[in-house]
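One structure is given here, and the rest of the page talks about it.
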There are 2 protein chains.
Amino acid sequence: MNAQIGGNPVMLKQMNKSQILQVLFKKSPLTKADVATQTQLTFVTVSNLITELQNDGFVREMGLAVSTGGRKPLLYGINPDAFVFAGIEVQVERLVCVLTDFENRVLNSRIVAVDSLEGPVFVARKSREIVVEMLEESNLSMDLLARVSVSTPGPIDREQGVIVSPPNMPNWRNVPFRDMIQAEFSVPCDLEKDANAAALGESRYGAGRGVENLIYIIVDVGIGGGIVLGGEVYRGQLNGAGEVGHTLIDLNGPLCNCGSHGCLESMASKSAIERELSGPFGNELVFEELIQRTDDKRVRESLLRSGTYLGAALANLGNIFNPEMIILGGELATGCTLYFERAEAIARRRMLPHFVHRVQIKPAELGKLSGAIGAATIAWQTMVQSLTF
Amino acid sequence: MNAQIGGNPVMLKQMNKSQILQVLFKKSPLTKADVATQTQLTFVTVSNLITELQNDGFVREMGLAVSTGGRKPLLYGINPDAFVFAGIEVQVERLVCVLTDFENRVLNSRIVAVDSLEGPVFVARKSREIVVEMLEESNLSMDLLARVSVSTPGPIDREQGVIVSPPNMPNWRNVPFRDMIQAEFSVPCDLEKDANAAALGESRYGAGRGVENLIYIIVDVGIGGGIVLGGEVYRGQLNGAGEVGHTLIDLNGPLCNCGSHGCLESMASKSAIERELSGPFGNELVFEELIQRTDDKRVRESLLRSGTYLGAALANLGNIFNPEMIILGGELATGCTLYFERAEAIARRRMLPHFVHRVQIKPAELGKLSGAIGAATIAWQTMVQSLTF
DNA sequence: CTGCTTATTATAAGTATTTTAAAAAGACCT
DNA sequence: AGGTCTTTTTAAAATACTTATAATAAGCAG
């Protein structure tokens with residue numbers, strides 16, 4: 001998560017400050033000497049910079065460490081109260097919002113039914129209302145809000161901050177949502193694709209804490225993927241990377257709505273299972289209940305079959321990326337053990353033997369908040385990287 | 001391809017120098033003012049640093065640019081004669097060696113039959129002999145040799161510089177080849193997996209010049225892959241990334257020697273085609289000739305079938321990585337139009353419509369030298385990043 | 001409790017680098 | 001030849017890190 005390289009002495013100082021903040025963020029209570037070791041800077045430099053960061057409110061003292069024979073060293077950590085970040089996930093029928101502090105811990109969260117059909121202007125205004133509400137509830141001043149980030153269905157143009165053409169939000173074509181949010185909140189904003197945001201969220205605060213390379217798969221109506229390599233989102237050429245759902249599993253499989261045949265999405269997603277079981281069960285049951293009916297043979301078989309397909313895709317991802325972890329999100333993966341375990345079993349069977357014992361396959365931990373938390377994380381990252389201290 | 005971040009003023013200077021060299025490398029004849037613009041440094045700084053780099057022989061003057069109304073500016077570029085790098089690819093039955101200059105252009109190359117069964121010690125000595133021979137032939141002093149890099153079959157332990165367990169080189173288990181080469185040449189050395197090296201080589205000097213994100217697939221007896229993201233090799237957790245050959249294409253396909261079923265490698269590789277055609281043709285023909293017999297229906301069908309499988313895999317890679325380019329290497333892909341074109345056609349048919357027109361699919365351009373050139377590139381990169389000027 | 005040892009923190013002088021500002025050099029035009 | 005514009009060099013000023021030194025605080029022993 002590095003940014004600038006080279007420059008002038010002022011830049012150097014800010015790079016060093018950024019370094020220090022990142023080290024303090026990762027392993028909080030540290031002495032100045034610890035930070036010096038970790039950042040490869042001299043003690044004096046670290047001492048001066050930390051003092052400065054402390055005076056500016058970014059860093060706080062955290063008590064004394066035990067003595068190792070001399071004076072007790074002071075411990076330092078990020079001052080969580082320095083800033084507040086907001087992460088907002090725009091979904092078709094609702095808004096998921098979180099407030100995080102400068103340690104990027106969740107202070108408050110809210111899931112509100114908001115119909116995206118009301119349009120971007122409405123949604124932007126509503127977003128602000130929700131955030132303001134949360135700030136008030138948590139007794140926080142609006143002034144503390146440093147950045148906002150938005151997680152949204154793709155495709156997006158990240159550089160321009162534009163939502164391009166979300167398939168299920170027809171009236172959101174080419175919407176400059178970043179600027180709209182910036183206008184609404186009067187703070188900088190970034191856009192990120194929902195799967196990417198969720199992947200980053202899980203990688204920092206969910207199942208993937210401490211992991212460098214991971215793949216996050218969200219199984220829902222469709223199947224999406226977010227790729228985190230070296231701790232950062234990999235986005236590809238046009239923010240398009242991660243379309244795992246349109247990975248081919250069966251050359252002669254059914255037609256997918258992308259135009260190809262045998263895509264994972266058409267064979268292992270929520271919709272695929274619903275379609276398969278709509279015959280026997282009709283509209284009798286909602287999906288959440290349906291997937292619990294594992295005593296029913298047809299349900300069982302359907303879940304196992306789609307789990308198998310997913311597993312094969314996971315094996316492919318494992319072999320291609322050789323990641324430390326694969327995380328599965330969505331109610332199907334996190335709520336249905338039968339499905340998850342089959343997918344994991346197949347994945348392990350089909351992955352290269354050399355890799356199998358070094359990859360973890362886990363359900364997501366942040367549930368519905370993962371995208372919003374990921375967005376807030378991006379706000380944090382951008383802030384710390386921007387070096388404006 | 002950034003490395004260090006932050007530090008002290010000396011470091012800052014070296015980062016700036018490195019920056020300048022990289023800019024100069026990318027778009028050679030540039031004025032000091034151009035470099036200043038591109039590096040975001042002031043003119044004076046750039047001027048001083050370039051003068052220093054010039055005095056040390058890393059940079060050279062390259063004539064005068066046209067006047068824009070005042071004094072003619074001097075043009076500068078990398079001094080190709082500053083260093084020589086050697087790239088060595090260890091294959092089962094031969095050594096491929098190249099010599100490159102500080103602009104990383106190939107000065108000399110050699111492909112020598114060397115049986116790896118003779119063992120690492122022999123191969124290391126032989127490598128040195130070949131390099132020395134090439135240096136003499138090109139009238140270059142050994143002192144100019146700055147670094148050597150080795151491309152080798154995986155898996156490897158890059159950090160330790162150890163070749164771990166190459167499947168087709170049984171007497172090369174856990175060989176500390178990096179240190180052996182360093183001892184032999186008395187210059188630093190790096191190891192890289194063959195597919196990764198080839199991918200990097202193609203990305204810098206072959207089909208992928210100027211491309212940020214690309215996937216390189218080598219179709220031979222097996223099928224391997226090298227992944228270059230953001231201009232750098234992506235290696236995954238254990239240098240294991242890129243096992244595209246063991247990507248599943250057909251859930252119920254034939255058993256692969258990796259233990260899984262329906263892997264790409266077992267269905268689209270040279271071996272797969274040879275196996276398929278060994279019935280009709282026996283040992284009558286060598287492979288190179290066999291794949292030219294496209295008038296024969298059985299050959300044709302075999303090639304088209306495997307091309308289809310490969311194409312499906314390419315579509316998957318395109319959807320997962322959204323790269324600017326996919327490069328196909330190996331004699332089958334570069335020498336057999338029927339196979340290549342089928343693969344491309346299928347890939348384009350099955351890739352997401354949004355991506356199709358933004359991805360190039362190209363045959364490799366460096367042929368047998370790609371791995372060695374890639375290795376030399378790594379030597380260059382490491383040198384420039386190490387900031388020891 | 002005092003003095004000694006050790007480790008942490010603060011201060012001050014020294015060194016390296018970039019920046020700003022100004023002067024010099026070179027090219028083109030009239 | 002003189003004027004104007006651009007490039008290049010030079011010198012002083014600003015900034016930041018480093019080294020060396022001094023001050024502070026904690027623990028321990030007598």
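Each chain gets a letter, A, B and so on, in the order the sequences are listed, and its residues count up from 1.
- Axis orientation changes by 10° from one end of the helix from dC1(C)-dG30(D) to dT30(C)-dA1(D) to the other, with each end axis drawn from 5 pairs and the value rounded to 10°.
- In this structure, the NZ atom of Lys17(B) is 13 Å from the C1' atom of dA16(C), given to the nearest Å.
- Counting to the nearest Å, the P atom of dT19(C) and the CD atom of Gln40(B) are 11 Å from each other.
- Comparing dT6(D), dT8(C), dT18(C) by their closest approach to the side chain of Lys13(B) singles out dT18(C).
- One finds a side-chain N or O of Asn16(B) lying less than 4.0 angstrom from the OP1 or OP2 phosphate oxygen of dT18(C).
- Between the CG atom of Asn48(B) and the C1' atom of dT8(D) there is a distance of 10 Å, rounded to whole Å.
- Residue Leu41(A) is classed as having no contact, given no heavy-atom separation below 4.0 Å to the nucleic acid.
- Of the candidate nucleotides dT8(C), dT9(C), dT6(D), dT9(C) has the atom nearest to the side chain of Leu74(A).
- Two residues, Pro9(B) and Pro73(B), neighbour DNA chain D, and the one matched to the more 5' nucleotide by heavy-atom proximity is Pro73(B).
- Using bins of under 30°, 30° to 60° and over 60° for the plane-to-plane angle, the ring pair Phe25(B)/Trp380(B) lands in the tilted bin.
- Rounded to whole Å, atom C1' of dC17(D) lies 16 Å from atom CD1 of Ile50(A).
- The closest side-chain heavy-atom distance from Val384(A) to Phe102(A) is below 4.5 Å.
- Put simply, the side chain of Asp157(B) never gets that close to the backbone of Gly161(B): no donor and acceptor are under 3.5 Å apart.
- Look at CE on Met11(B): it is 17 Å from C1' on dT15(C), rounded to the nearest Å.
- Salt bridge status for Arg60(A) with Asp81(A): absent, with no side-chain N to carboxylate O gap under 4.0 Å.
- Between Thr68(A) and Thr51(A), the one whose closest nucleotide on DNA chain C sits nearer the 5' end is Thr68(A).
- One N or O on the side chain of Asn16(B) and one on the backbone of Gly7(A) form a donor-acceptor pair closer than 3.5 Å.
- Taking atom CG of Asn8(A) as the reference point, atom C1' of dA13(D) lies 15 Å away to the nearest angstrom.
- Using modelled atom types, one finds a donor on one side chain and an acceptor on the other under 3.5 Å when comparing Lys27(A) with Gln38(A).
- One N or O on the side chain of Lys193(B) and one on the backbone of Asn239(B) form a donor-acceptor pair closer than 3.5 Å.
- At least one side-chain nitrogen or oxygen of Thr45(B) sits closer than 4.0 Å to the OP1 or OP2 atom of dT19(C).
- Side-chain contact annotation: Asn48(A) with Thr45(A), donor-acceptor N/O pair under 3.5 Å absent.
- In this model, the phosphate group of dT9(D) is approached by a side-chain N or O of Ser47(B) to a distance below 4.0 Å at OP1 or OP2.
- Between the C1' atom of dT9(D) and the CG atom of Asn55(B) lies a distance of 14 Å, rounded to the nearest Å.
- Counting to the nearest Å, the P atom of dT21(D) and the CZ atom of Phe43(A) are 18 Å from each other.
- In this structure, the separation between OG1 on Thr377(B) and CD on Glu192(B) is 11.0 Å, given to the nearest 0.5 Å.
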Sequence-aligned protein contact record of nucleotides 20-30 of chain C, with B where the base is within under 4.0 Å of a protein heavy atom and S where only the sugar-phosphate is: BB---BBSS--
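- Checked by atom type and distance alone, the side chain of Ser47(A) never pairs as donor or acceptor with a backbone atom of Val44(A) at under 3.5 Å.
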